[in-house]
Amino acid sequence: MPRPAPADAREFSRRLRAWFRRNARELPWRDTRDAYRILVSELMLQQTQVSRVLDFYARFLERFPDLAAVAAARKSQVLAAWRGLGYYARARNLHKLARRVVREEPHVYGGALPATPAELRQLPGVGAYTAGAVTNFAYEKRAALVDTNVARVLRRCFAPHLRPKRARDVTRLWAIAEAVLPRTGRAAWAHNQALMELGALVCTARVARCSRCPVRSICTSADLESGLR
DNA sequence: AAAGCGGGGAG
DNA sequence: CTCCCAGCTTT
């Protein structure tokens, strides 16, 4: 099982974060540590591009400022605010989640979102990625996360033979993500954000813009700008 | 392991 | 036109 050497992992993360500090887009969900707001952004961003989520995010939060507001609303009202975004199961799951955390099992949750991947995974609509994202992006606790961006970047950089379609290879990518993750939650936050930003802006699905990549000297697939895969 | 779920944008 | 997108649930 291919895993980057610790020295390569540190260098990879260090360069990645340095690049992020200079090239990060300003996105509303990066300015908050409110777990609810992070959760809403992650749900909206599932299989949905940033540019389109931006059209809905602020308006949705204005209508539903916190989890209690979602729990207090009818499902149809949440769906109405979601209209146009697609994948409406996400809105139904958010409503179910809010009802459970705020109303049905407040003794379990204290009315707030949990802060560990295992607990978050219990909630409807929250899978492995979203659980890691809330844990790290909201609570700044150290947690690995793998979405399509991260999977692509890590695969091209460290394990080009893996095929993210296969479940077993996805497990390996999570292991690599864990192996390159910095120790502290704070550094892990920047690392994860940077990894996803690199996948969105530089190391994209159709085009690998290696000439602009901060980790090309480490990357296994570097300068195969049309290698894709 | 594979299908189903939305709708818009990039190439 | 085809593929892709800060995935998850169900079959």
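Protein chains get the first letters and strands the later ones, always in sequence-line order, with residue 1 at the start of each.
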Asker: Rounded to the nearest angstrom, tell me the gap between atom OH in A/Tyr87 and atom P in C/dC5.
Answerer: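 Going from A/Tyr87 (OH) to C/dC5 (P), I get 12 Å.
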Asker: Tell me, please, which residues at least two apart from A/Arg37 pass side chain to side chain donor-acceptor pair (under 3.5 Å).
Answerer: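 Partners of A/Arg37 by the side chain to side chain donor-acceptor pair (under 3.5 Å) criterion come out as none, since no residue qualifies.
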Asker: If you count the non-hydrogen atoms of other residues, nucleotides and ligands that lie under 6.0 Å from CZ in A/Arg186, is the total more than 12?
Answerer: no
Asker: Rounded off to whole Å, could you give me the NZ-to-P distance for the A/Lys165 and C/dC5 pair?
Answerer: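 Taking atom P of C/dC5 as the reference, NZ of A/Lys165 is at 9 Å.
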Asker: Between A/Met44 and A/Gln49, which is nearer to the 5' end of DNA chain B once each is assigned its nearest nucleotide?
Answerer: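 The residue whose closest nucleotide sits nearer the 5' end is A/Met44.
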Asker: How long is the line joining CZ of A/Arg206 and P of C/dC1, in whole Å?
Answerer: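 Computing the A/Arg206:CZ to C/dC1:P distance gives 15 Å.
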Asker: For A/Arg92 and C/dC8, what is the distance between atoms CZ and P respectively, to the nearest whole Å?
Answerer: 16 Å
Asker: How would you label the contact of A/Leu145 with the nucleic acid (heavy atoms, under 4.0 Å): base, sugar-phosphate, or nothing?
Answerer: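 Contact class for A/Leu145: none.
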Asker: Within 45° of the axis and under 6.0 Å from the centre of the six-membered ring of A/Trp189, does NZ or CZ of A/Arg30 qualify?
Answerer: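 Cation-pi check for A/Arg30 and A/Trp189: fails.
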Asker: Looking at every strand, decide which applies to A/Leu27 at a 4.0 Å heavy-atom threshold: base, sugar-phosphate, or nothing.
Answerer: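 Since a base atom lies under 4.0 Å of A/Leu27, the category is base.
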Asker: Checking only heavy atoms, does the side chain of A/Arg90 share a donor-acceptor pair with the base of C/dC8 at less than 3.5 Å?
Answerer: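 For A/Arg90, whose side chain was compared with the base of C/dC8, there is no donor-acceptor pair (under 3.5 Å).
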Asker: So, A/Ser217 and A/Arg15: side-chain donor and acceptor under 3.5 Å apart, yes or no?
Answerer: yes
Asker: Heavy atoms of chain A, cut-off under 4.0 Å: which first and last nucleotide of DNA chain B, 5' to 3', fall inside that, if you could look?
Answerer: B/dA1 to B/dG11
Asker: Remember a base hit wins even if backbone is also touched, and classify A/Ala200 as base, sugar-phosphate or nothing at under 4.0 Å, heavy atoms.
Answerer: nothing
Asker: Show me the donor-acceptor pairs within less than 3.5 Å that the side chains of residues 74-87 of chain A make with the rest of the protein, sequence neighbours left out.
Answerer:
unit_1  : atom_1 : unit_2  : atom_2 : d
A/Gln77 : OE1    : A/Arg74 : N      : 2.8
A/Trp82 : NE1    : A/Gly86 : O      : 3.1

Asker: Taking CZ in A/Arg25 as the centre, count heavy atoms belonging to other residues, nucleotides or ligands within less than 6.0 Å. Is the count above 12?
Answerer: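 Check passes, neighbour count above 12.
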Asker: Can you tell me the distance, in whole Å, between the CG atom of A/Leu45 and the C1' atom of C/dA6?
Answerer: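 Taking atom C1' of C/dA6 as the reference, CG of A/Leu45 is at 5 Å.
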Asker: Under 4.0 angstrom, heavy atoms only, what part of the nucleic acid is A/Gly84 near: base, sugar-phosphate, or nothing?
Answerer: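 The answer is sugar-phosphate, as A/Gly84 gets under 4.0 Å only of primed atoms, P, OP1 or OP2.
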Asker: Any base atoms under 4.0 Å from A/Thr48, or only sugar-phosphate, or nothing? Heavy atoms, all strands.
Answerer: base
Asker: Does any non-hydrogen side-chain atom of A/Leu16 lie less than 4.5 Å from one of A/Val153?
Answerer: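 Not in contact.
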Asker: Name the nucleic acid region contacted by A/Thr130, choosing base, sugar-phosphate or nothing; use a 4.0 angstrom heavy-atom cut-off, strictly under.
Answerer: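 It contacts sugar-phosphate atoms only.
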Asker: Is A/Val150 touching bases, backbone alone, or none of the nucleic acid, heavy atoms closer than 4.0 Å?
Answerer: nothing
